[in-house]
2 protein chains.
Amino acid sequence: MTTGTDHPRRTRIQQEKRELILEAALEVFSTNGFRGSTIDQIAEAAGMSKPNLLYYFRRKEDIHETLMQRLLDTWLAPLRELDDIGDPLTELRSYIRRKLEMARDFPRESRLFANEILQGAPRIMPLLAGELKTLVDEKAAVIKGWMRAGKIARTDPWHLIFSIWATTQHYADFDVQVRAVLGPNRGGDGRFEDAARFLEQLFLDGLKPKT
Amino acid sequence: MTTGTDHPRRTRIQQEKRELILEAALEVFSTNGFRGSTIDQIAEAAGMSKPNLLYYFRRKEDIHETLMQRLLDTWLAPLRELDDIGDPLTELRSYIRRKLEMARDFPRESRLFANEILQGAPRIMPLLAGELKTLVDEKAAVIKGWMRAGKIARTDPWHLIFSIWATTQHYADFDVQVRAVLGPNRGGDGRFEDAARFLEQLFLDGLKPKT
DNA sequence: CAAATTTTTGACCGATTGGACAAACGTTAG
DNA sequence: CTAACGTTTGTCCAATCGGTCAAAAATTTG
């Protein structure tokens with residue numbers, strides 16, 4: 001092992017240029033979708049010629065695939081961290097907060113994912129029905145345990161997870177609409193804190209067991 | 001006025017064929033986005049040749065624009081109906097129900113809209129910042145009135161509306177993911193009723209004023 | 001240094017794209 | 001029936017698409 005990872009052996013330039021391309025491709029793919037994006041667009045955004053880009057990634061699909069693989073690892077990290085050890089309400093609250101922070105800090109990744117799902121998930125369908133389903137089922141079981149123990153209100157764990165995904169990712173995927181509706185005053189940087197406050201109230205008061 | 005509407009005068013065949021094209025275009029645009037869709041795809045889905053399609057709509061953009069105009073009217077109807085006359089909690093509950101029904105019955109329209117927003121809303125931005133913002137502000141004022149009257153819990157009306165949009169449209173836009181995660185058993189036709197039950201509990205228990 | 005290797009580029013390819021156009025075909029009113 | 005009008009199609013076009021290739025330029029290695 002000379003490269004430090006199990007990647008194919010790569011030079012310094014290859015590392016840097018591939019990173020540059022992936023960064024540019026994230027920008028382009030996330031706003032135009034796969035079919036709507038062109039290699040020329042990505043190459044221009046990366047500041048290189050098309051043949052040069054194709055020297056690092058032989059096909060357009062290879063770029064998208066690499067981007068997608070990286071995305072899913074980090075994207076599901078917050079859910080993986082959802083654990084049985086802490087206080088249930090606190091765990092859920094911090095899961096929501098983490099997801100909202102990801103929508104704020106990685107909106108392009110969120111949109112890339114949304115584009116893929118919107119188009120029928122042709123490239124990651126097996127992953128959804130396999131790895132993702134397994135993870136969600138596992139966490140749903142944890143949540144069910146909390147419900148049985150009376151720590152949170154009884155409801156559908158799967159749809160609870162969906163609603164957390166939907167509400168948080170909304171601030172990345174529909175950002176344009178959110179800012180347009182909130183207007184210049186409330187649509188500024190503070191909108192994520194407002195959203196955090198609102199979501200905390202919505203979910204916690206809704207989930208709190210009757211006292 | 002001979003045609004009964006203010007449309008340009010059209011023959012029977014034009015009416016029918018234009019409808020056929022719009023139906024096909026809805027299918028294609030909603031799954032591939034604007035740039036990712038081709039006139040040939042739409043023509044084939046509509047069962048006609050490309051030149052024939054271009055006889056009814058001179059440009060690809062014209063089809064998309066027509067589709068978009070129709071969409072927005074029906075899409076915002078549920079929010080327009082949100083009224084000050086009924087019981088606040090009942091009003092909100094039926095708004096959520098109506099939006100969920102639209103996600104179930106018109107998923108392609110939802111995806112068409114999602115695609116447009118995801119791509120930065122280049123074709124409807126003025127509408128968002130104009131008509132839509134006005135409508136939401138108006139309804140937010142209604143909701144604020146309910147809060148002041150102690151009918152529902154105090155929270156941010158704008159983000160409340162966002163969360164209703166997000167959670168309901170999720171079942172149309174991310175349908176593939178929802179079904180993959182729920183699996184064959186729970187991902188069938190009953191999933192919308194499960195979602196309705198869950199959302200009602202989430203929102204109502206969260207909004208109920210402290211007694 | 002010089003040789004070997006890696007990186008970059010310009011020119012090019014066939015396929016597909018959005019769209020134009022005139023000719024052919026259908027339909028209908030007089 | 002026939003002339004006028006509406007509809008459909010085959011052909012064509014310039015631009016753009018994803019991708020190739022050989023040669024030039026830059027870099028690394030000995």
Side-chain angles (χ1 to χ4, degrees), chain A residues 2-4 7-68 115-116 119 122-123, chain B residues 2-3 7-68 112 115-116 119 122-123:
Chain A
T2 56
T3 52
H7 289 310
R9 184 187 301 252
R10 294 200 178 107
T11 68
R12 175 187 53 88
I13 292 184
Q14 276 171 346
Q15 292 275 9
E16 290 171 5
K17 291 295 171 87
R18 282 176 62 95
E19 222 51 48
L20 210 76
I21 292 168
L22 289 172
E23 157 69 22
L26 176 60
E27 188 74 29
V28 175
F29 279 141
S30 67
T31 56
N32 295 113
F34 181 76
R35 290 207 51 189
S37 304
T38 71
I39 300 183
D40 293 272
Q41 282 179 310
I42 300 171
E44 195 197 331
M48 62 180 70
S49 65
K50 181 169 63 170
N52 197 8
L53 182 148
L54 285 165
Y55 170 71
Y56 294 103
F57 291 91
R58 297 163 75 146
R59 295 179 312 150
K60 183 184 169 186
E61 271 209 57
D62 291 349
I63 311 175
H64 191 268
E65 196 184 317
T66 305
L67 227 39
M68 222 59 193
N115 256 306
E116 175 70 11
Q119 289 164 19
R123 282 166 281 271
Chain B
T2 55
T3 52
H7 290 311
R9 184 187 301 252
R10 295 201 177 107
T11 68
R12 176 186 52 88
I13 293 184
Q14 276 172 346
Q15 292 275 8
E16 291 172 4
K17 291 296 172 84
R18 281 176 63 95
E19 223 50 49
L20 210 75
I21 292 168
L22 289 172
E23 158 68 24
L26 176 59
E27 187 72 30
V28 175
F29 279 142
S30 67
T31 57
N32 295 112
F34 181 77
R35 291 208 51 190
S37 302
T38 71
I39 300 182
D40 293 271
Q41 283 179 310
I42 299 171
E44 195 196 333
M48 62 180 70
S49 65
K50 181 170 65 171
N52 196 7
L53 184 147
L54 285 166
Y55 170 71
Y56 294 103
F57 291 92
R58 296 161 77 140
R59 295 178 313 151
K60 181 183 169 186
E61 271 208 57
D62 292 348
I63 311 175
H64 191 268
E65 196 183 317
T66 305
L67 227 38
M68 222 58 192
L112 179 67
N115 257 308
E116 176 69 11
Q119 290 164 18
R123 281 166 282 269

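Throughout, a chain's letter reflects where its sequence line sits, starting with A, and its residues are numbered from 1. This structure is a prediction, so every number in the text was calculated from the model and none was measured.
- Every residue two or more places apart in sequence or in another chain was checked for a salt bridge (Lys or Arg N to Asp or Glu O under 4.0 Å) with A:Glu65, and none qualifies.
- Contacts between residues 53-68 of chain B and DNA chain D, defined by a heavy-atom separation below 4.0 Å, involve B:Tyr55, B:Tyr56, listed by number.
- Residue B:Ser49 places no side-chain N or O under 4.0 Å from the OP1 or OP2 atom of D:dT8.
- By the side chain to side chain donor-acceptor pair (under 3.5 Å) test, B:Gln119 pairs with no residue at all, sequence neighbours left out.
- Between B:Ile21 and B:Ile42 the shortest heavy-atom distance is O-CG2, 4.1 Å.
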Might you list the N or O atoms of the protein lying below 3.5 Å from N or O atoms in nucleotides 21-30 of chain D, with each pair's distance?
| residue | atom | partner | partner atom | Å |
| --- | --- | --- | --- | --- |
| D:dT28 | OP1 | A:Arg12 | NH2 | 2.9 |

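- Taken residue by residue, residues 37-47 of chain A places heavy atoms nearer than 4.0 Å to DNA chain D at A:Ser37, A:Thr38, A:Ile39, A:Asp40.
- In terms of heavy atoms, A:Asn32 sits closest to A:Ser37 at CB-OG, 3.3 Å.
- A:Tyr56 and A:Arg18 make their closest contact through O-NH1, 3.4 Å (heavy atoms, listed as atom of the first residue, atom of the second, distance).
- B:Glu61 meets the salt bridge (Lys or Arg N to Asp or Glu O under 4.0 Å) test with no other residue; sequence neighbours excluded.
- The main-chain N or O of A:Phe57 is never found under 3.5 Å from a side-chain atom of A:Asp62 such that the two would form a donor-acceptor pair.
- B:Lys50 comes within 4.0 angstrom of a base, heavy atoms only.
- Within the structure, every side-chain polar atom (N or O) of A:Gln14 is placed at least 4.0 Å from both OP1 and OP2 of C:dT6.
- Distance, B:Lys17 NZ to C:dT27 P: 10 Å, rounded to whole Å.
- Here the OG1-CG distance, from B:Thr31 to B:Leu112, works out to 10.0 Å after rounding to the nearest 0.5 Å.
- Qualifying salt bridge (Lys or Arg N to Asp or Glu O under 4.0 Å) partners for B:Glu23, counting only residues two or more places apart in sequence or in other chains: B:Arg108.
- Residues of residues 29-36 of chain B that place a heavy atom closer than 4.0 Å to DNA chain D, in numerical order, are B:Arg35.
- With sequence neighbours left out, the ring-ring contact (aromatic ring centres under 6.0 Å, His included) criterion links A:Phe34 to A:Phe29, A:His64.
- Residue A:Asn52 places no side-chain N or O under 4.0 Å from the OP1 or OP2 atom of C:dT7.
- Evaluation of the side chain to side chain contact (heavy atoms under 4.5 Å, CB included) rule for A:Thr38 yields A:Asp40, A:Gln41, B:Arg35 as partners, not counting sequence neighbours.
- With sequence neighbours excluded, the residues that form a side chain to side chain donor-acceptor pair (under 3.5 Å) with B:Glu19 are B:Arg70.
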Using distance only, find each side-chain donor-acceptor pair of residues 43-54 of chain B under 3.5 Å and give its atom names and separation, not counting sequence neighbours.
| residue | atom | partner | partner atom | Å |
| --- | --- | --- | --- | --- |
| B:Ser49 | OG | B:Asn52 | N | 3.4 |

